[in-house]
Protein chains: 4
Amino acid sequence: MGHSILKSDKKKNSDKHRRIIEAALKVFAKKGFYNSKVSEIARAANVADGTIYLYFQNKDDILISLFEEEMGNILDKMHQALQTVTDPAAKLERFADQHLTMLEENQELAEIIQVELRQSSKFMKEYQNDRFHQYLNIISGIIKEGQQMGVFRKDILPGVAKRAFFGALDEMSRYWILSPVKKYSTAVAAQQISAFFIKGMLVDPQTA
Amino acid sequence: MGHSILKSDKKKNSDKHRRIIEAALKVFAKKGFYNSKVSEIARAANVADGTIYLYFQNKDDILISLFEEEMGNILDKMHQALQTVTDPAAKLERFADQHLTMLEENQELAEIIQVELRQSSKFMKEYQNDRFHQYLNIISGIIKEGQQMGVFRKDILPGVAKRAFFGALDEMSRYWILSPVKKYSTAVAAQQISAFFIKGMLVDPQTA
Amino acid sequence: MGHSILKSDKKKNSDKHRRIIEAALKVFAKKGFYNSKVSEIARAANVADGTIYLYFQNKDDILISLFEEEMGNILDKMHQALQTVTDPAAKLERFADQHLTMLEENQELAEIIQVELRQSSKFMKEYQNDRFHQYLNIISGIIKEGQQMGVFRKDILPGVAKRAFFGALDEMSRYWILSPVKKYSTAVAAQQISAFFIKGMLVDPQTA
Amino acid sequence: MGHSILKSDKKKNSDKHRRIIEAALKVFAKKGFYNSKVSEIARAANVADGTIYLYFQNKDDILISLFEEEMGNILDKMHQALQTVTDPAAKLERFADQHLTMLEENQELAEIIQVELRQSSKFMKEYQNDRFHQYLNIISGIIKEGQQMGVFRKDILPGVAKRAFFGALDEMSRYWILSPVKKYSTAVAAQQISAFFIKGMLVDPQTA
DNA sequence: CATGAATGAGCTTTCATTCAT
DNA sequence: AATGAATGAAAGCTCATTCAT
């Protein structure tokens, strides 16, 4: 919190901020945060090493900023994608599909989120990850909505279910990131995973 | 792969190997792999810095060995826990409960597996994680068994379901590792998560 | 030597030169030469970083120019202060009083002269400090005058005495610069120190 | 304060600590603290760069340690030199002679004390220079002794006189450090300077 | 004249690894 | 087998200086 705030005004007059973020995306994804050198990012961004520090406080700040910005985009896109859907079950399936598609289209970002930021104790412990919680809460929102509409069972804990659902998707994407060949299409995986949860949460037919 | 093979014989004559692994467990869990110093591990294990290199090839090898050994234990315990259960649905619930309980009882190990070992693309890409795949395959084994017994639907892809199920549990444990207070008990979370999947995979009553 | 010569004409058309010198005075006094940043001076002077280089060749030149100009002022004031005094002994006491008073009134300048300019072998060796020698020579001038008038002993080496006298005053002012509380007033210290030297240099009464 | 305390035990088994101090003496004297590189000191000491940090906390600590140790030696030698003298006036002359001789024989140390440590605001403000105060207090001790014996006037403030005397000697040595040729011998300068102060402080003959 | 974004050389410090004892 | 002092490559970051605007 508070990272890059003073310096972010500079974004307006220059694309360097963006160039650096995008360079960092590539470099971090390829080598991992700790094995990436600031000078590599600088070279990839076509700026001098020192220029990095005009736009970011330090190496950590590059990663945090990268995450904040990209996660902001992802949140926006997800909200847009869900706008046209009303049925909670359909929303969950849409979420799954959008999530996996998005990560598939942004392999590098997916990798960074997976292995560098979400996993790193350094960042996870020190950095209160609001954007990520907002993302998870989209899921619990859908579930609560479904419960109110009488579609999903009332005994489901949305706080558990949101994590379970996200985790299921996440593990799937981790698999894809790390394995060169995909056995299943994004659509099939999204459909299967959301189906587990939808069926698993539906009000029992006989009870209804 | 190939790590510590020559040197692992030394285990027999000495507890230093074990002392180092256990020291590393504590240190890596607390500080993270890249922020842990070999000398810290040495101090925690009560050996000289150089001694580490009599038992491990390098710092990476400590982490890999740690993971291999601990994962071996986990696999053994899981097999044992499942031995007494026969019903596939019950097995899944047992798996979930055992998984979360185990991680709860080994917070440090849980943290390392979560944030350190999976973290780095370095490790995930270079190191073929057999033990982890064996662990995942326990899940798909149960699912396939359920399908053969006609309990679970045939259209379920075990390769997707195993990851989804593991991911759901994993995200739950990540939450617990990183958050100081737990809102849900291990048992409740295990029950809910397995219930989603069981219900989600069951053969439809009317179809049956 | 040769610093700022071409650029010093600019003084006439602008107060920026003066603003920068005065800003540097504050900044160097507070942080020391090596720990002061050119950008800090620029900010304090309310000019852009680059503007500094329109008026000074480089960071060193700021310090040298500052010293030259301020030392010029000090020389002028000292000559003025001594104009009304004729007796060599009284002149020495006046010198001491004026010296300590001046430094007391210009703490920042005093500090820079003390700790920054004299400090660095870099400056002391490379920069022939004419103004400083002129200042010292005021003292030896008084002593020689006293010797010619038969007031001070002929065996006194003016070259040694000037340094001794200046050093005595200088150490006193160093003490004041570095210690937060003053035990002795400027006047008392000036009187005591000049008394040592006057008594110490006077022609022996019986010999006279 | 507290510098190098933990690490100083290592001195016992190795001359590296001493080698580094002596290398730093040369390098700092030649280039000044801020213009000296740690790697230069390492090279001059014939150790690896990293070895420096086994014996010193950081670059600052090298300078402080150097000063503490050398100043300790100087204090010892001065106490020894004064042991055989009883008359306060003779003691002052002895002090002056010993001081100038010592600095003459240790030009490099003299230069560092003069221009790096005593003058540097960084060190003078942050570092309570006990050894230096002990040194000054040798002078005031002699003066007080002389006052009690009725040799020096009671109105002399020892706190002023010690600084004046030290300052006089110090300025003399600064001159020698910075100027290539010496016009006056150490002995002559010592004699003249101490004579000023002795005569200046003596009880007036007629008053006595 | 004035600006301030950009540069990149250069420095301190760290720490995995080695090897003489 | 065990030690731990020594190594030295490597990297993050700073800041005096420049130059296009």
Side-chain angles (χ1 to χ4, degrees), chain A residues 7 9-10 13-14 16-17 20 34-43 45-62, chain B residues 7 10 13-14 16-17 34-43 45-62, chain C residues 7 10 13-14 16-17 33-43 45-62, chain D residues 7 10 13-14 16-17 20 34-43 45-62:
Chain A
K7 312 209 167 182
D9 318 50
K10 288 180 184 164
N13 298 330
S14 131
K16 292 222 167 63
H17 180 98
I20 294 164
Y34 285 102
N35 292 309
S36 299
K37 293 164 213 153
V38 172
S39 60
E40 284 179 291
I41 298 171
R43 200 182 327 119
N46 233 294
V47 298
D49 289 21
T51 305
I52 301 267
Y53 293 88
L54 296 176
Y55 294 88
F56 301 91
Q57 285 164 17
N58 49 40
K59 194 183 166 189
D60 286 11
D61 189 36
I62 304 174
Chain B
K7 310 209 170 184
K10 287 180 186 163
N13 298 332
S14 149
K16 289 219 170 68
H17 180 98
Y34 284 104
N35 292 309
S36 298
K37 296 164 204 160
V38 171
S39 63
E40 282 180 292
I41 298 171
R43 200 184 325 121
N46 235 298
V47 298
D49 291 19
T51 306
I52 301 264
Y53 292 85
L54 298 175
Y55 294 87
F56 301 90
Q57 285 164 17
N58 50 38
K59 194 182 167 189
D60 287 10
D61 187 36
I62 304 174
Chain C
K7 312 209 167 182
K10 289 180 184 163
N13 299 331
S14 149
K16 290 220 169 69
H17 180 98
F33 179 75
Y34 285 102
N35 292 309
S36 298
K37 295 164 204 162
V38 171
S39 62
E40 283 180 290
I41 298 171
R43 201 185 323 123
N46 234 297
V47 298
D49 291 19
T51 305
I52 301 265
Y53 292 86
L54 297 175
Y55 293 88
F56 301 91
Q57 285 163 17
N58 50 38
K59 194 182 168 189
D60 287 9
D61 187 37
I62 304 174
Chain D
K7 312 212 168 182
K10 289 182 185 164
N13 298 331
S14 133
K16 292 221 167 65
H17 180 100
I20 293 165
Y34 285 103
N35 293 309
S36 299
K37 294 163 214 155
V38 172
S39 62
E40 283 179 290
I41 298 172
R43 200 183 326 120
N46 232 296
V47 298
D49 290 19
T51 305
I52 301 266
Y53 293 87
L54 295 177
Y55 294 88
F56 301 91
Q57 284 162 18
N58 49 39
K59 194 182 166 189
D60 287 11
D61 189 37
I62 304 175

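Residue numbers start from 1 in every chain, and the chains themselves are labelled A, B, ... in the order their sequence lines are given, proteins ahead of strands.
In DNA chain E, runs of at least 3 stacked Watson-Crick or G-U pairs (N1-N3 plus N6-O4 or O6-N4, or N1-O2 plus O6-N3, all under 3.5 Å) give these stems: E:2-21 with F:2-21.
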Contact state string [nucleotides 11-17 of chain F, B base, S sugar-phosphate only, - no protein heavy atom under 4.0 Å]: SSBBSSB
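When rounded to the nearest whole Å, the span between CG of C:L54 and C1' of F:dC19 equals 11 Å. Between the CG atom of C:N46 and the C1' atom of E:dG4 there is a distance of 14 Å, given to the nearest Å. Going from atom CD of B:E40 over to atom P of F:dG4 covers 17 Å, rounded to whole Å. Atom P of nucleotide E:dC19 and atom CD1 of B:I52 are separated by 18 Å, given to the nearest angstrom. Regarding B:H17, its NE2 atom lies at a distance of 17 Å from the C1' atom of F:dA2, rounded to whole Å. Between the P atom of F:dA6 and the CZ atom of D:R43 lies a distance of 20 Å, rounded to the nearest Å.
From C:I62, atom CD1 reaches atom CZ of C:F33 across 7.5 Å, with rounding to the nearest 0.5 Å. To the nearest 0.5 Å, atoms OG1 (D:T51) and CD1 (D:I41) are separated by 13.0 Å. How far CD1 of D:I52 is from CG of D:N58: 11.5 Å, rounded to the nearest 0.5 Å.
Nearest heavy-atom pair, B:Y55 versus B:H17, reported as atom, atom and distance to 0.1 Å: CD2-CB, 3.8 Å.
In the set E:dT7, F:dA2, F:dT7, the nucleotide with an atom closest to the side chain of A:V47 is E:dT7.
With B:K16 contributing its side chain and B:A45 its backbone, the two residues share no donor-acceptor pair below 3.5 Å.
Dashed line: the shortest gap from a side-chain N or O of A:K16 to OP1 or OP2 of E:dA6 is under 4.0 Å.
In summary, the side chains of B:Y34 and A:N35 do present a donor paired with an acceptor at a separation below 3.5 Å, with no hydrogens or angles considered.
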